[in-house]
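Below: one structure, written as structure tokens.
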Number of protein chains: 2
Amino acid sequence: MQTIAPELADFAALIADPGRAGMLTRLMDGRAQTASELARVAGVTPQTASWHLARLAARALLKVERSGPRRLYRLATPLVAQMLEAMMTVAAVEPNPSRSPPRIDPQMRRARTCYDHLAGELGVAVTDAMRQRGHLRLDREAGELTAAGIAFLGDLGIDLRSPARSRRLLCRPCLDWSERRPHLAGRAGAALADLAFQRDWIRRRPQGRSVEITADGLAAFTTLFGARI
Amino acid sequence: MQTIAPELADFAALIADPGRAGMLTRLMDGRAQTASELARVAGVTPQTASWHLARLAARALLKVERSGPRRLYRLATPLVAQMLEAMMTVAAVEPNPSRSPPRIDPQMRRARTCYDHLAGELGVAVTDAMRQRGHLRLDREAGELTAAGIAFLGDLGIDLRSPARSRRLLCRPCLDWSERRPHLAGRAGAALADLAFQRDWIRRRPQGRSVEITADGLAAFTTLFGARI
DNA sequence: ACAACGCTTCGATCATTGTCGAAGTGTTCA
DNA sequence: TGAACACTTCGACAATGATCGAAGCGTTGT
């Protein structure tokens, strides 16, 4: 017998609530949020949110830190974010080809962070541009930064050895659920996103994971990277 | 607002039923099964199973083929299997360190197929052995077959170019949910599993995804590969 | 054409679980 | 010490959805 099946079902049930799913997607950028903020995105009262958060934390999907009188919740590991991304990718497959694509928030579709790197049209466009210029080779399952790519990023001030001896992969693909194509992830993707925030090419919107592309950003992505966005 | 959250929740709800979870795990080896067989593993009546299967197919998790009077269901894409594997990996994290590990079916833990390659203790042992002999480099995020590894597999009669110009990656890691360590997947992993079946090193058990290691298999994995199992 | 079989649809029932009000805990600051 | 605040626990209620019996559909073989 498949003794894991009940466990898998229990586990999936954790995500199978709109409130909890909302909280999890809200946390997919890797940052911590207060219980109140998560109650807000879930659209429920603090009591209800607290109950949901307790369940998620009990199953090690979230970890909680205390900060004064408030509690901060974040995803327990990057693995959780990867799993959610995988689920979204499969969930985004349009089951009924006749129906119009599910209404995805346009801002979200345009540009967002996926844990710690760029996603959405922006993420894919930048990835495509780097690929076209020979900075990057990337398919759905693996990726590789070329010498030219490393030099290019180096010129921008990105030191890819930054977290010295990091066990994390330099360059890996991440399947973009809204574009249904891979974008750049891994250490390189994270470093690129960091740079974009530092240079004010993109700004986090107050709520959610979507980001705003500034005028500077538009210019930079277009001219420096050759991205078509 | 996160317009995807409700979709994600709906999607997760599909997996959040013990019956459906059982059906899905049963199908994770990539083969097709009849509705009756799936009703059996789910432990429900055919009517109920039919209802579950219809839901899964409607959301494009499964696809159905007719074969005479019976209907055969299989996973719609390998991506679905990968997603389920990712979920199991996260679900298998023991939330309560005090409790003993969740009782996983020992046969399942010992040796099973994961879509089309080897998993469980056997899968990890073979992977480790190949790694130790310099045939393979592999971590959680990426993998690479060395020249020695390609030669080694070639000597065994594995032609890794077999599906000519396959878009599928030669060598990639797959995180083993029972062992919590990566094992060999991709085209190389599939070819190796094929070989093991052909040479009768392993045999599918009548039900489920677990496989039996034959005496020949034990000898082959130990001597040929140097695996400690 | 008819019977047998596998599977699906329909309808009613019952359990699970998400929900919020009220009350409780713990932390910070005055 | 006491008040304010963030969050959690408890208890009861309502809705969603899984289940099976009964009946219907479609395919195969006689």
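Any value given below was found using the heavy atoms of this structure, including those in side chains, with hydrogens, waters and symmetry copies removed. Just so it is clear: chains get the letters A, B, ... in the order the sequence lines come, proteins before strands, and each one is counted from 1.
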To the nearest angstrom, the CG-P distance between L72(A) and dT27(C) comes to 15 Å
**Item:** R204(B), CZ atom: more than 12 neighbouring heavy atoms under 6.0 Å
**Value:** yes
task: Give a yes/no verdict on a cation-pi contact between R180(B) and W177(B), requiring under 6.0 Å between NZ or CZ and the six-membered ring centre and an angle within 45° of the axis.
output: no
CZ (R187(A)) and NE2 (H117(A)) are apart, to the nearest 0.5 Å, by 15.0 Å
With sequence neighbours left out, the residues meeting side-chain contact (heavy atoms from CB on, under 4.5 Å) with Q47(B) are T45(B)
R71(B) atom CZ is separated from dT28(D) atom P, nearest whole Å, by 12 Å
note: R40(B), atom CZ; dG6(C), atom C1'; distance rounded to Å ~ 17 Å
Margin query: I'd like to know whether D116(B) forms a salt bridge (charged side-chain N to carboxylate O under 4.0 Å, His left out) with R168(B), so could you lay out the CA-CA distance, the side-chain angles of the two residues, the decisive distance to 0.1 Å, and finally the verdict.
Written below: CA-CA 13 Å; D116(B) 59 4; R168(B) 191 170 167 208; 2.9 Å; yes
Taken to the nearest whole Å, CD/E65(A) to P/dT27(C) is 16 Å
- Query: Does any non-hydrogen side-chain atom of R74(A) lie less than 4.5 Å from one of E65(A)?
  - Reply: yes
To the nearest angstrom, the CD-P distance between E37(B) and dG6(C) comes to 14 Å
Separation of dT25(C) atom C1' from R70(A) atom CZ, nearest Å, is 17 Å
From CG of L53(B) across to C1' of dT9(C) the rounded distance in Å is 14 Å
Scoring nucleotides 10-24 of chain C by protein non-hydrogen atoms under 4.0 Å (B base, S sugar-phosphate only, - none) yields --------BBBBB--
Quick one: is Y73(A) getting a side-chain N or O under 4.0 Å of the dA6(D) phosphate, OP1 or OP2? no
Atom CE of M23(B) and atom C1' of dA18(D) are separated, to the nearest Å, by 12 Å
